[in-house]
Amino acid sequence: MTELTLFADYHQIHVLDDGSQTDLGDEWTTEALDDHLAVGPDAVAVGTTVNVNVAVSVELLAGPPPDDSIDFDPVAEASIRCSSGQLVVMGCTDFEPDARRFPVASGWLRMRVSQSNLDRAYRAGVDSDEDPQTMERLRIQAWPAAAAPAVVSKRWRPPT
């Protein structure tokens, strides 16, 4: 597992095939906003609750992980085509050539995106990244798998 701290500018983190030309801005539908996940053919954008730094962990797996959604806020899965064999993980306005790359099997990948600490991060707002207790956390798990539709297994709504 690799731990990163990424700036979630425009409330999103991008995960994509190296060389992707997908415009994820076109993928942000009302449903995608509710799902915290915008999916293109070779890229996904993960919606965050804050517009500051977030903690991101990346796990590359041989197969699907066990269901531990009880420990997370929203949890969603999606498939992307990763023809290059390099998965890029970055903030949406990061300079892509400098973004972190992860070697993966070329072909279809399934990703599970699990987010936690959203209530605390939401309440702390722009100050959420100043304390590990309030920092939003994302876990991205990826493994080789045939393409399948996106699935949201758990939703999160901002506290009232």
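What you see is a predicted model, and the numbers here were worked out from it, not measured in a lab.
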Side-chain donor-acceptor pair under 3.5 Å between [X] and [Y], yes or no?
X	Y	answer
Q115	R137	no
T5	N53	no
W143	E59	no

Heavy-atom side-chain proximity of [X] to [Y] below 4.5 angstrom:
X	Y	answer
L24	H14	yes
F95	M90	no
Y122	V50	no
E3	S57	yes
T22	P41	yes
D17	L87	no
E136	T48	yes
Q86	P103	yes

If hydrophobic clusters are built from ILVMFWY residues whose side chains come within less than 4.5 Å, do [X] and [Y] share one?
X	Y	result
L16	V104	no
V56	V52	yes
L6	V15	yes
V39	V113	yes
V54	F102	yes

Grab the two heavy atoms, one from [X] and one from [Y], that are nearest each other, plus how far apart they are.
X	Y	value
G91	I13	CA-CD1, 4.1 Å
R157	D34	NH1-O, 3.8 Å
N51	F7	O-CE1, 3.4 Å
L61	Q141	CD1-CB, 3.9 Å
P65	R112	CG-NH1, 3.3 Å
R123	P159	NH2-CB, 3.4 Å

Find the distance between [atom1] ([X]) and [atom2] ([Y]) and round it off to the nearest 0.5 Å.
X	Y	atom1	atom2	result
H36	L118	NE2	CG	6.5 Å
W108	S83	CH2	OG	8.5 Å
D94	D9	CG	CG	8.5 Å
T93	E96	OG1	CD	12.5 Å
D129	D127	CG	CG	8.0 Å
I80	D42	CD1	CG	6.5 Å

- Query: Hey, mind stepping through R155 and D73 against salt bridge (Lys or Arg N to Asp or Glu O under 4.0 Å) and telling me if it holds?
  - Reply: CA-CA 7 Å; R155 294 190 186 284; D73 298 324; over 6 Å; no

- Query: So E31 and V152, side chain to side chain contact (heavy atoms under 4.5 Å, CB included) or not? Walk me through it.
  - Reply: CA-CA 11 Å; E31 181 181 6; V152 177; over 6 Å; no

- Message: Suppose we screen for side chain to side chain contact (heavy atoms under 4.5 Å, CB included). Which residues come up paired with P144, at least two apart in sequence or across chains?
- Response: A105

For the backbone of [Y] and the side chain of [X], can you confirm whether one donor and one acceptor N or O come within less than 3.5 Å of each other?
X	Y	value
S20	A43	no
D131	Q133	yes
S106	S84	no

- Worked check of side chain to side chain contact (heavy atoms under 4.5 Å, CB included) between R110 and S79: CA-CA 4 Å; R110 189 72 174 167; S79 296; 2.9 Å; yes

- When you look at CD of Q21, are more than 12 heavy atoms from neighbouring residues, nucleotides or ligands closer to it than 6.0 Å? no

- Task: Evaluate side-chain hydrogen bond (donor to acceptor under 3.5 Å, both in side chains) for R120 paired with T134, printing each intermediate quantity in order.
- Result: CA-CA 5 Å; R120 288 181 178 180; T134 57; over 6 Å; no

- Message: If you apply the rule salt bridge (Lys or Arg N to Asp or Glu O under 4.0 Å), what do you find for D67 with K154, and how did you get there?
- Response: CA-CA 11 Å; D67 179 9; K154 191 171 181 185; over 6 Å; no

